[in-house]
Amino acid sequence: MSSNYKRFYTTAGSLPAGINEGYPVPGPQTADADRIAASAFFTTDWAQAQATNYDFIVIGTGPTAVAFIDRALARNPQARILVLERGGYWLPVHYQMLPMAFQATTSPCTTYPWTRSAAMATTGSKFFQAGYIPVLGGRSTYWSAWCPAPDPALMRDWPRALVAVTQQPGFWEGARAFLHVTTADRIDDGVYGSLQRQLDTNLRENFKRFVPSAEGAFPAPMAVGHSEWQGVKFYKHATVGTLLGLQQRQQALAAQGHGQALALVDQCIVKRLLHDSQGTVTALETSRGPLSVGNARIVLAMGTIPPATLLMNSFGDQLPNIGKRYTGHFMSHVIARVKRSAFKDLAALELGAQYLHGKDEQGLQYHVQVSAFASSDPARDAATIAYEAPDAAAVASLAQLAGSEDYVVFVCATLGEVGENNPDNWIRPNGRRPDDEHHGATAGRPARAAPVGRARRSDLSNHRRPGQPGRGCGGGDRILDRRRRAGTGLLAGAPAGRAADPPADHRARGVGVVDRGGSGHVGRRPGLSAAWGEERLRDRRRVVSDVGVVESDVDHVRVGAGFGAEAELTRPAAATR
């Protein structure tokens, strides 16, 4: 204890005169999380960071950033890397791995560094853009951790070099190893067991018959493996431990003369990329002060919209394509239940997770993330369900499980792709008129928080308005009824037409555009606004009606040609949601 005490205070600052581990007077009696984390992990000497020549400057600490750092240091432990994180230390692990009380922290740490357009926020389906989490580890501390791998067809218009890399032997194996991905059927920890195996069989044998447009159905691939800990079979991955582990390893290598220390700087907001007349970035304007770039390569790894914000604020109209390919996926939940008697030999508590995907006639993908819950005593099982829930954003509530002790409750997160060629999807600097893209804007105009997008009234006419029957994803009872006749029958292995009773609280829980990018920009940081055009949704109404689901791939929000190859090439090694 004494050595740790001395180490903390000698690294955090000089010991007060006359104090030697509590003699002859008491020592300091304050120790907050930021101070402890700074002492152990972060670079506190900004002047030294400013004076160092780096090979790479990485902005962000989510999966993209850490995947890049991990690969770069594996190739060259002598690489000098500086990591800038706008937030501070918050959680050491994914919040599901902590006591249930931490579920109350999901909303307070989420930020929305943009302004939705009035049409996006108030008209039709009232789409919203899921927020960012500006802390160490970013979204990885709260993500759902489902990790389907996209094929080249789903990576249309991505840089050819990136697509080619994903086709190299061993790429996806390495990606899954980095994210600790395993499939639900391999967990087999007593909670994932008989129910999971029966769901696997039922879907594999029947999904084409019930959902003709589906292309695959298999046990959910999730980042929940932890090979380093023997006996632990479900542990949701967050990048915090990986990043800090790299920092500690590099520190040890540097002490031996076999590597360079990994410099982590927290509470550092990158405001602008300062550049010369040729567009070469020469310095970063940050909240801690200017930082010379030198010959370093800059990696933008802050999610999706924040890099577009930074590039717009920095380059203005010099990068005219930024913000013109704003896309992603929209989501709703379908909840239903099936009698336990449809399954064999279920334990008192069992969970299951399945993934189903396909394409509509336009070639746009949909997928369904199916979470199954069977609990004979929901109050007793609440903590275990919270810990091992496949998708933290799609968990059957205690109110839904209570009264469903003799049922298996299914929560289906249905996701549908928004076409990227819709001109009504856009991101612009705040204050810019909707027609400014045609007339141009003043070069270098600072981007302030901006409205996002304008949806055409004709396109919105097909969307459900308050009081109308549900006609689309998340639209209401029509979808639920169709799901009851087909979807849950499929999951239970029941014949077509067999109905499954919905729980008491069975309404679809809204429609929202979901993005699992990294940390966002808040406060005084100039922001952007975002809007989703709905033209594509009208054309896909048949798919929504017939299947009850629509598509999506993860992190498919693209921000135009100016996003930069370096940033695109350093996306997480696996597509993740």
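All values derive from a computational prediction rather than experimental measurement. All residue numbers refer to positions in the sequence shown, counting from 1.
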Could you measure the distance from the [atom1] atom of [X] to the [atom2] atom of [Y]? Nearest 0.5 Å is fine.
X: M302; Y: T309; atom1: CE; atom2: OG1; answer: 7.5 Å
X: F41; Y: D266; atom1: CZ; atom2: CG; answer: 12.0 Å
X: H367; Y: M331; atom1: NE2; atom2: CE; answer: 7.0 Å
X: L401; Y: R337; atom1: CG; atom2: CZ; answer: 10.5 Å
X: H333; Y: T414; atom1: NE2; atom2: OG1; answer: 8.0 Å
X: L264; Y: L82; atom1: CG; atom2: CG; answer: 8.5 Å

Do [X] and [Y] come within less than 4.5 Å of each other through their side chains, counting heavy atoms only?
X: I81; Y: Q260; answer: no
X: L73; Y: Q250; answer: yes
X: L351; Y: L195; answer: no
X: V408; Y: F373; answer: no
X: V83; Y: V265; answer: no
X: F218; Y: D200; answer: no
X: Q129; Y: W114; answer: yes
X: E85; Y: I59; answer: no

Can you name the nearest heavy-atom pair linking [X] to [Y], along with the distance?
X: L291; Y: A49; result: CD1-O, 3.8 Å
X: A379; Y: L398; result: N-CD1, 4.1 Å
X: T64; Y: A301; result: CG2-CB, 3.8 Å
X: C147; Y: A223; result: SG-CB, 4.0 Å
X: W146; Y: P390; result: NE1-O, 2.9 Å
X: T61; Y: T239; result: O-OG1, 3.0 Å

Look only at the side chain of [X] and the backbone of [Y], and say whether a donor-acceptor pair between them is shorter than 3.5 Å.
X: Q196; Y: A353; answer: yes
X: S140; Y: A238; answer: no
X: E388; Y: V191; answer: no
X: W172; Y: A149; answer: no
X: Q256; Y: H258; answer: no
X: S404; Y: Q400; answer: yes
X: N202; Y: E205; answer: no
X: T201; Y: Q198; answer: no
X: T43; Y: D45; answer: no

Are [X] and [Y] close enough that their ring centers fall under 6.0 Å?
X: F42; Y: Y89; answer: no
X: Y192; Y: F234; answer: yes
X: H357; Y: Y355; answer: yes

Open item on the list: Using a strict threshold of under 4.0 Å (side-chain N to carboxylate O), is an ion pair present between R249 and D70?
Closed with: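 Not counted as a salt bridge, because no side-chain N and carboxylate O are separated by less than 4.0 Å.
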Open item on the list: Does anything in residues 374-384 form a side chain to side chain donor-acceptor pair (under 3.5 Å)? List the pairs, not counting sequence neighbours.
Closed with: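 Applying side chain to side chain donor-acceptor pair (under 3.5 Å) to every pair that reaches into residues 374-384, excluding sequence neighbours, yields S375-D381.
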TODO: Write out all pairs satisfying salt bridge (charged side-chain N to carboxylate O under 4.0 Å, His left out) with one or both partners inside residues 181-193, taking only residues at least two apart or from two chains.
DONE: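 Only D188-R197 qualify under salt bridge (charged side-chain N to carboxylate O under 4.0 Å, His left out).
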Open item on the list: Show, in sequence, the C-alpha distance, side-chain angles and deciding distance for S287 and K271, and conclude whether the side chain to side chain contact (heavy atoms under 4.5 Å, CB included) test is met.
Closed with: CA-CA 7 Å; S287 57; K271 299 178 177 180; 4.3 Å; yes
Open item on the list: Please identify which of these residues, V338, V395, I335, meets the side chain to side chain contact (heavy atoms under 4.5 Å, CB included) condition with V409.
Closed with: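 Of the listed residues V338, V395, I335, the side chain to side chain contact (heavy atoms under 4.5 Å, CB included) partner of V409 is I335.
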Task: Trace of the side chain to side chain contact (heavy atoms under 4.5 Å, CB included) decision for L84 with L284 - done: CA-CA 11 Å; L84 304 178; L284 306 183; 3.9 Å; yes
Open item on the list: Using the rule given for side chain to side chain contact (heavy atoms under 4.5 Å, CB included), can you reason through V370 versus L199, listing the C-alpha separation, both sets of side-chain angles and the distance that settles it, and then say yes or no?
Closed with: CA-CA 10 Å; V370 181; L199 292 175; 5.8 Å; no
Return all side-chain donor-acceptor pairs below 3.5 angstrom for residues 90-101, not counting sequence neighbours, or 'none' if the list is empty.
from : atom 1 : to   : atom 2 : distance (Å)
W90  : NE1    : Y142 : OH     : 2.9
H94  : ND1    : Q96  : N      : 3.0
H94  : NE2    : W143 : O      : 2.7
Q96  : OE1    : K236 : NZ     : 2.8
Q96  : NE2    : A386 : O      : 3.0
Q96  : NE2    : Y387 : O      : 3.3
Q96  : NE2    : A389 : O      : 3.2

Open item on the list: Checking side-chain polar atoms at under 3.5 Å, does D391 have a donor or acceptor matched by the opposite partner on S144?
Closed with: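 Distance-only check passes for D391 and S144.
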TODO: Mind running side chain to side chain contact (heavy atoms under 4.5 Å, CB included) on V293 and L273 for me, showing each step along the way?
DONE: CA-CA 10 Å; V293 169; L273 307 176; over 6 Å; no
